[in-house]
Amino acid sequence: MKMCLKILIPIFAFHLILTTVVASDPDPLQDFCIPNPKSTKKDDLPCKNSTAVTADDFVFSGGKSAGPFSESGFASVAANPSLFPGLNTLGMSFVHADFKEGAINPPHVHPRAAEMVYVVQGRVYAGFVDSANRVYAKVIGEGEVMVIPKGLVHFQMNVGKGMARVFGCFNSQNPGTQRMASAIFGSGIKEELLEKAFGLSSNELRRMRRRFES
């Protein structure tokens with residue numbers, strides 16, 4: 001028995017070390033990988049031949065103007081590898097967002113990335129909530145940056161006069177976005193559970209579902 005433990009413990013320890021080492025994203029194996037749109041593979045677009053790559057593949061012009069505004073006065077333009085091929089395999093992406101006066105970016109999470117929020121124009125109330133339900137929020141102005149830890153609920157609101165614009169940078173090419181209200185009230189969770197969880201009546205819950213169901 002003692003001999004077995006002497007053999008198994010080092011093997012188990014080595015397995016833990018190996019698992020930790022390979023758990024991170026692999027480094028790129030080439031300078032860049034511009035996806036080849038002519039490929040017939042759906043899940044894994046091979047890289048263009050480098051001779052077919054141009055400087056335009058590394059330039060994104062979609063952020064020159066605001067995207068379409070929602071009814072609440074918020075608009076965003078995201079840059080990810082599908083829209084900006086030069087980002088592919090680099091482990092980053094970004095978004096620029098515009099806020100009409102008083103508009104909000106409601107509470108949401110990016111499950112696969114931390115975010116840096118840079119205020120380009122205006123004054124924005126920004127913050128996040130940690131896993132102990134403590135809120136860290138303040139008004140930040142032009143030239144200021146706030147960092148949002150990975151996977152935490154966060155939000156922004158234009159509290160200045162006129163338009164506000166922010167630039168968000170992610171340490172993932174696919175950070176994902178999950179808006180809290182839509183995830184809870186628009187996803188089809190059983191009504192009885194939501195009524196008990198939030199103390200809502202059936203009528204109140206139906207109103208919430210109509211508002212957030214996609």
Side-chain angles (χ1 to χ4, degrees), residues 24-25 27-28 31-35 37 53-131 134-183 214:
S24 62
D25 292 336
D27 288 331
D31 293 338
F32 49 79
C33 175
I34 305 302
V53 174
T54 70
D56 288 338
D57 289 314
F58 302 97
V59 176
F60 180 74
S61 301
K64 290 182 178 180
S65 58
F69 282 93
S70 67
E71 292 182 2
S72 64
F74 174 75
S76 64
V77 177
N80 51 53
S82 63
L83 298 175
F84 186 4
L87 290 174
N88 190 44
T89 74
L90 299 186
M92 65 175 70
S93 57
F94 65 89
V95 62
H96 94 249
D98 294 275
F99 301 75
K100 293 183 178 180
E101 192 170 318
I104 67 167
N105 186 7
H108 61 283
V109 299
H110 303 295
R112 294 182 289 275
E115 179 181 5
M116 285 198 306
V117 178
Y118 171 75
V119 179
V120 179
Q121 174 186 341
R123 299 174 69 248
V124 175
Y125 174 69
F128 63 90
V129 180
D130 72 6
S131 57
R134 291 184 292 257
V135 63
Y136 297 85
K138 66 174 295 184
V139 175
I140 54 177
E142 293 179 18
E144 292 189 294
V145 176
M146 174 175 277
V147 64
I148 309 295
K150 177 180 177 180
L152 295 185
V153 176
H154 58 286
F155 48 83
Q156 295 100 30
M157 179 172 63
N158 180 3
V159 294
K161 298 295 183 182
M163 294 285 295
R165 171 174 281 196
V166 303
F167 180 91
C169 183
F170 306 99
N171 63 341
S172 168
Q173 70 177 47
N174 185 23
T177 300
Q178 187 174 39
R179 300 199 177 279
M180 306 312 296
S182 296
S214 57

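The figures that follow rest on heavy atoms only: side chains count, while hydrogens, waters and symmetry mates do not. A quick note: this is a predicted structure, and the numbers were derived from the prediction, not measured. Residue numbers run from 1 in the order of the sequence given.
Heavy atoms only, all atoms of each residue included: Phe84 and Val59 are closest at CE1-N, 3.5 Å. Scanning both residues, Glu144 and Val139, for their nearest heavy atoms gives OE1-O, 4.3 Å. Smallest separation of non-hydrogen atoms from Ala164 and Val124: CB-CG2, 4.0 Å. In terms of heavy atoms, Gly67 sits closest to Val77 at N-CG2, 3.6 Å. Between Met163 and Gln121 the shortest heavy-atom distance is O-NE2, 3.4 Å. Of all heavy-atom pairs spanning Pro68 and Ala75, the tightest one is O-CB, 3.4 Å.
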For a quick test of your reading: what N or O donor-acceptor pairs under 3.5 Å do the side chains of residues 149-162 make, sequence neighbours left out?
unit_1	atom_1	unit_2	atom_2	d
His154	ND1	His108	O	3.3
His154	ND1	Leu152	O	2.9
His154	NE2	His108	NE2	3.0
His154	NE2	His110	NE2	3.4
His154	NE2	Glu115	OE1	3.1
Gln156	OE1	Asn105	ND2	2.9
Asn158	OD1	Gly160	N	3.0
Asn158	ND2	Phe99	O	3.3
Asn158	ND2	Lys100	O	3.1
Asn158	ND2	Gly162	O	2.8

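A search for side chain to side chain contact (heavy atoms under 4.5 Å, CB included) contacts involving Ala66 returns Phe69, Asp98, Arg165, not counting sequence neighbours. Legend: residues meeting side-chain hydrogen bond (donor to acceptor under 3.5 Å, both in side chains) with Ser82, ordered by chain and number and at least two apart, are Asn80.
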Does Ile104 form a side-chain contact (heavy atoms from CB on, under 4.5 Å) with Phe74? I'd like the steps, not just the answer. CA-CA 6 Å; Ile104 67 167; Phe74 174 75; over 6 Å; no

Start with the C-alpha distance between Phe94 and Phe170, add both sets of side-chain angles, then the distance that settles ring-ring contact (aromatic ring centres under 6.0 Å, His included), and finish with yes or no. CA-CA 6 Å; Phe94 65 89; Phe170 306 99; 9.0 Å; no

When you look at Tyr125 and Ile140, which way does the side-chain contact (heavy atoms from CB on, under 4.5 Å) test go after all the steps? CA-CA 6 Å; Tyr125 174 69; Ile140 54 177; over 6 Å; no

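Between Val129 and Arg134 the shortest side-chain heavy-atom distance does not fall below 4.5 Å. Looking only at side-chain heavy atoms (C-beta outward), Phe32 and Leu87 stay at 4.5 Å or farther from each other. Put simply, the side chain of Asp130 reaches to within 4.5 Å of the side chain of Tyr136, judged on heavy atoms. Phe167 is not listed as a side-chain neighbour of Val119, based on a closest heavy-atom distance of 4.5 Å or more.
Asp57 contributes a side-chain N or O that, together with a main-chain N or O of Thr54, makes up a donor-acceptor pair within less than 3.5 Å. Using modelled atom types, one side-chain atom of Ser93 and one backbone atom of Ser172 make a donor-acceptor pair closer than 3.5 Å. Asn171 contributes no side-chain N or O that, together with a main-chain N or O of Met92, makes up a donor-acceptor pair within less than 3.5 Å.
Distance check, rounded to the nearest 0.5 Å: CG of Asp56 to OG of Ser61 gives 8.0 Å. Between atom CG of residue Asn88 and atom CG of residue Asn174 there is a gap of 11.0 Å, rounded to the nearest 0.5 Å.
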